[in-house]
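A quick write-up on the structure given underneath.
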Amino acid sequence: MIENRETDATRALVAEMASRLTAVRGVRAVALGGSRARGTHRPDSDWDLGLYYRGEPDVPALTALAEEFTGGPVEVAGPGGWGPWVDGGAWLRVGGVAVDWILRDLDRVEAVWAACVEGRYEVGVQAGHPLGFWSPVYAGEVALGRVLADPFGELAPLRQQTLTYPPALRAALVHASWEAEFLLAAARKDPDDPLYASLCVSRALGILAQSMHAHHRAWLLNEKGALASAARLPVAPDDFSPRVARALAGPGREALDAAAELVAEVRARLEAERHGPRPGHGEPAKNPGPAGD
């Protein structure tokens, strides 16, 4: 009962925070993201709030609001402060509860979504994303998030659109698996270079996870939990997880061979299913697991 009361109090706090955030110049909407939005959270999971803004958000006003909630000094990183894709934000501790603010440029999110609909995406360099930041993450965050405050009526309609996984994006991301085979073929030519071989295996498996999720119209938000989530997908071989473990066991020809065999088998499965019965356009996007907390 005590835990329930604490959770209710935190929800009320987060709701108040979201409402007040949208009163700050530039902030258009606030959404709950991560595991708490999907209902897969642990009791100690952070509360991730996406702050969707247009133009230049009022960073001093955001800082003042953060300090009011925390009761102490807070550094709020403005757009670009954390890198080119994870714009900025702040890590707060409010009454013992971790609350993360993550800035998202709504104009850019809408542009990325338009590109996704056309089957276009990009992978950028971003701190905290060792396999790169895949632009469809923006759309996936909207689709899997929960809108908390949207006084201008901009985020909720976009979320409704993203609930349908774009067929063109699905095709493009499934096709991207060609690079996984290419990377492993290159690494097998020089298996005794530990850095190069390890990077090739890791990236190949990361790409494979993206392709597998796209095949099932499931948004994948980052590397954390990606392979565990992929293992639960119908297209995955039954022994997917132990084979991944062998491939990641360390550099060397045996690990590279294990990775190459797994990638080739999954790609063959993707190709076989591509020619089988296909669900029609308009099928909702899915989320098989907790990848992307």
Taking the side chain as C-beta and beyond, is there a heavy-atom pair between P79 and L103 under 4.5 Å?
yes

Side chain to side chain contact (heavy atoms under 4.5 Å, CB included) between R253 and L256, intermediate numbers included:
CA-CA 5 Å; R253 185 166 297 281; L256 286 169; 5.6 Å; no

When rounded to the nearest 0.5 angstrom, what is the spacing between CZ in R146 and CG in L49?
10.5 Å

If you take all heavy atoms of E118 and A168, which pair is closest and at what distance?
C-CB, 3.7 Å

Give the C-alpha distance, both sets of side-chain angles, the deciding distance and a yes or no for ring pair (Phe, Tyr, Trp, His ring centres under 6.0 Å) between W82 and W101.
CA-CA 12 Å; W82 286 353; W101 290 0; over 10 Å; no

For A259 and V201, the nearest pair of non-hydrogen atoms, with its separation, is CB-CG1, 4.2 Å

Should the pair W178 and H175 be assigned to parallel (<30°), tilted (30 to 60°) or perpendicular (>60°) ring geometry?
tilted

Should the pair E179-R203 be classified as a salt bridge under the 4.0 Å nitrogen-to-oxygen rule?
yes

Return yes if some donor-acceptor pair links the side-chain N/O of D193 with the main-chain N/O of A197 below 3.5 Å, else return no.
no

Answer yes or no on whether R108 is positioned over the face of W85, meaning its NZ or CZ is under 6.0 Å from the six-membered ring centre and within 45° of the axis.
yes

Taking D46 for the side chain and D100 for the main chain, is one N or O donor matched with an acceptor at less than 3.5 Å?
no

Taking C-beta and beyond as the side chain, do L270 and S211 meet within less than 4.5 Å on heavy atoms?
yes

Grouping I, L, V, M, F, W and Y whenever their side-chain heavy atoms are under 4.5 Å apart, do V147 and Y53 come out in a common cluster?
no

Between CG on residue L199 and CG on residue L131, distance to nearest 0.5 Å:
9.5 Å

Rounded to the nearest 0.5 Å, the CG atom of L148 sits from the CH2 atom of W47 at a distance of 9.0 Å

Would you say the side chain of V86 lies within less than 4.5 Å of the side chain of R104, judging by non-hydrogen atoms?
yes

Test item: R25 side-chain N/O and E56 main-chain N/O as donor-acceptor pair under 3.5 Å:
yes

Between E75 and A90 the two heavy atoms that sit nearest each other are O-CB, 3.8 Å

Test log, rule side chain to side chain contact (heavy atoms under 4.5 Å, CB included), inputs R28 and L155
CA-CA 8 Å; R28 308 295 290 181; L155 190 60; over 6 Å; no

Side chain to side chain, Y165 and L173, heavy atoms closer than 4.5 Å:
yes

Taking the side chain as every heavy atom from C-beta outward, state whether N222 and V137 have any pair of such atoms under 4.5 Å apart.
no

A side-chain contact here means heavy atoms from C-beta on lying under 4.5 Å apart; do P237 and L262 qualify?
yes

Where V59 and G78 come nearest, the two heavy atoms and their spacing
CG2-CA, 3.8 Å

For A187 and Y196, work out which heavy atoms get closest and say how close.
CA-CE2, 3.9 Å

Just by modelled atom types, is the S198 backbone N or O under 3.5 Å from a matching donor or acceptor in the S202 side chain?
yes

At their closest point, which heavy atom of G145 faces which heavy atom of A37, and how far apart are they?
CA-CB, 4.1 Å

T70 side chain to V94 main-chain N or O, any donor-acceptor pair under 3.5 Å?
no

Under the side chain to side chain contact (heavy atoms under 4.5 Å, CB included) criterion, do I102 and D87 qualify, and how do the steps go?
CA-CA 7 Å; I102 304 169; D87 299 14; over 6 Å; no

Are R54 and F152 close enough, and set up right, to give a side chain to side chain contact (heavy atoms under 4.5 Å, CB included), and what steps lead you there?
CA-CA 12 Å; R54 293 194 193 276; F152 305 99; over 6 Å; no

Is atom CZ of F182 surrounded by more than 12 heavy atoms (other residues, nucleotides or ligands) closer than 6.0 Å?
no

Nearest 0.5 angstrom please: E181 CD to L208 CG, how far?
9.5 Å

Do the charged groups of E265 and R269 touch, with an N to O distance under 4.0 Å?
yes

Does atom CD of E254 have more than 12 heavy-atom neighbours, drawn from other residues, nucleotides or ligands, at distances under 6.0 Å?
no

Using atom types as modelled and distance alone, determine if a side-chain donor or acceptor of E122 lies under 3.5 Å from a backbone N or O of S135.
no

For a 4.5 angstrom cut-off between non-hydrogen side-chain atoms, does F69 reach V99?
no

Indicate whether any N or O donor in one side chain lies under 3.5 Å from an N or O acceptor in the other, for S177 and R267.
yes

Distance from L221 atom CG to Y138 atom OH, nearest 0.5 Å?
12.5 Å

Working to the nearest 0.5 angstrom, can you tell me the gap between D190 CG and D192 CG?
6.5 Å

Look at R36 together with D48 and state whether they make a salt bridge at an N to O cut-off of under 4.0 Å.
no

Report yes if the side chains of L183 and I207 come closer than 4.5 Å at any heavy-atom pair, otherwise no.
yes

